[in-house]
Amino acid sequence: MFYYIIAAIIILIDQVTKWFIVKNMQLGENITVIENFLYITSHRNRGAAWGILQGQMWFFYIITTIVIVGIIYYIKKHTKENKVMGIALGLMLGGAIGNFIDRLFRKEVVDFINTYIFSYDFPIFNVADSALCVGVVLLFIHMLFFEGKQEKEQA
Ligand SMILES: CCC[C@@H]1OC(=O)[C@@H](C)C[C@H](C)CCCCC(=O)CCC[C@@H](CC)/C=C/C=C(\COC)CC[C@@H](O)[C@@H](O)C[C@H](O)CNC1=O
């Protein structure tokens with residue numbers, strides 16, 4: 001249950017930040033937060049990461065539904081003993097639903113976090129993307145660490 005609360009908090013923060021950007025910024029408007037590193041830019045993306053598959057909304061609905069069902073199944077099945085796994089899945093669930101809401105009601109995703117990592121202009125993203133990425137990374141770290149530990153115990 002606790003992991004769904006993490007997802008709900010992510011969805012809330014994601015939707016509130018997107019609502020704020022849509023309400024208070026013109027499309028393309030740019031606010032400098034940290035010169036040459038972090039900007040808030042009002043941006044829209046009708047695709048997935050790096051703008052791939054522009055406009056393929058049905059594809060995104062299907063994939064996101066599969067992702068959401070898969071995460072809920074995993075939360076039910078595998079998070080009795082794995083708290084870290086549960087937190088990772090909760091973050092991913094919140095992120096997936098956050099972008100799903102945008103795709104359903106706006107037919108595009110609102111992005112606004114514009115960073116330059118080592119002067120590479122990383123694609124503009126949002127809170128939902130961040131939660132998805134942190135969740136994915138956490139899941140990999142946990143699987144690497146936990147699987148390793150399990151094998152050691154069994155060995
Ligand atoms: C984060 C997944 C993208 C997110 O997937 C989702 O919604 C999921 C739930 C549904 C998708 C239809 C299915 C996954 C597609 C896989 C994918 O795309 C490969 C991703 C790799 C990933 C490593 C884990 C890179 C990261 C990139 C970015 C995130 O940087 C923090 C740049 C984000 C910007 O391009 C921004 O414009 C994107 C826009 O917000 C819409 N977001 C999505 O489609």
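Whatever order the structure lists ligands and atoms in, that order sets their numbers, starting from 1.
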For atom 10 (C) of ligand 1, grab the closest protein heavy atom and report residue, atom and distance to one decimal in Å.
-> Thr64 OG1, 3.7 Å

Ignoring hydrogens and angles, tell me if any N or O in the side chain of Arg103 forms a donor-acceptor pair with the backbone of Gly47 under 3.5 Å.
-> yes

Within 4.0 Å of atom 25 (C) of ligand 1 (strictly less), any protein heavy atom?
-> yes

Atom 20 (C) of ligand 1: which of Ala49, Gly47, Gly95, Cys133 has the nearest heavy atom?
-> Ala49

Note the single closest protein heavy atom to atom 12 (C) of ligand 1, along with its residue, its atom name and the distance in Å.
-> Phe60 CD2, 3.3 Å

Residue from Val67, Ile68, Ile71, Ile10 passing side chain to side chain contact (heavy atoms under 4.5 Å, CB included) with Met92 = Ile71

Backbone, side chain, both or neither: what part of Pro123 comes under 4.0 angstrom of ligand 1, heavy atoms only?
-> side chain

Could you check if a side-chain atom of Tyr3 sits within less than 4.5 angstrom of a side-chain atom of Leu93, using non-hydrogen atoms only?
-> no

Quick check: are there more than 12 heavy atoms from other residues, nucleotides or ligands sitting under 6.0 Å from OH of Tyr74?
-> no

Backbone or side-chain N or O of Ile124 under 3.5 Å from ligand 1 N or O = yes

Check each of Asp102, Leu132, Val67 against atom 8 (C) of ligand 1 and report the one with the nearest heavy atom.
-> Leu132

Measuring to protein heavy atoms, does anything land under 4.0 Å from atom 14 (C) of ligand 1?
-> no

Look up atom CG in Leu89 and atom CD1 in Ile72, then write down how far apart they are to the nearest 0.5 Å.
-> 10.5 Å

Report the part of Phe122 in contact with ligand 1, treating N, CA, C, O as backbone and CB onward as side chain, heavy atoms under 4.0 Å; options are side chain, backbone, both, neither.
-> side chain

Which atoms from ligand 1 have a heavy atom of Asp111 less than 4.0 Å away?
-> 36 (C), 37 (O), 39 (C), 40 (O)

Hey, which atoms in ligand 1 end up nearer than 4.0 Å to a heavy atom of Asn126?
-> 40 (O)

Does ligand 1 have an atom under 4.0 Å from some heavy atom of Arg103?
-> yes

Do side-chain atoms of Asn24 reach the backbone of Phe20 as a donor and acceptor pair under 3.5 angstrom?
-> yes

Here the atoms of ligand 1 under 4.0 Å from any heavy atom belonging to Asn99 are 4 (C), 7 (O), 42 (N), 43 (C)

Between the side chains of Asn99 and Asn126, is a donor N or O closer than 3.5 angstrom to an acceptor N or O?
-> yes

Heavy-atom contacts with Ile63 under 4.0 Å: which atoms of ligand 1 show up? List them by number with element.
-> 13 (C)

Purely on distance, is any nitrogen or oxygen of Trp50 under 3.5 Å from one on ligand 1?
-> yes

For ligand 1, is there an N or O atom under 3.5 Å from any N or O atom of Asn45?
-> yes

For atom 4 (C) of ligand 1, what is the nearest protein heavy atom, given as residue, atom name and distance?
-> Asp129 OD1, 3.4 Å

Closest non-hydrogen atom pair between Ala88 and Leu138, with its separation | CB-CB, 3.8 Å

Please identify which atoms of ligand 1 are closer than 4.0 Å to at least one heavy atom of Ala96.
-> 9 (C)

Hey, could you give me the CG/CD1 distance between Asp129 and Ile124, rounded to the nearest 0.5 Å?
-> 11.5 Å

Checking side chain to side chain contact (heavy atoms under 4.5 Å, CB included) against Leu91, which of Val137, Val134, Val136, Ile9 comes through?
-> Val134

Is there a donor-acceptor pair closer than 3.5 Å between any side-chain N or O of Lys107 and the backbone N or O of Leu104?
-> yes

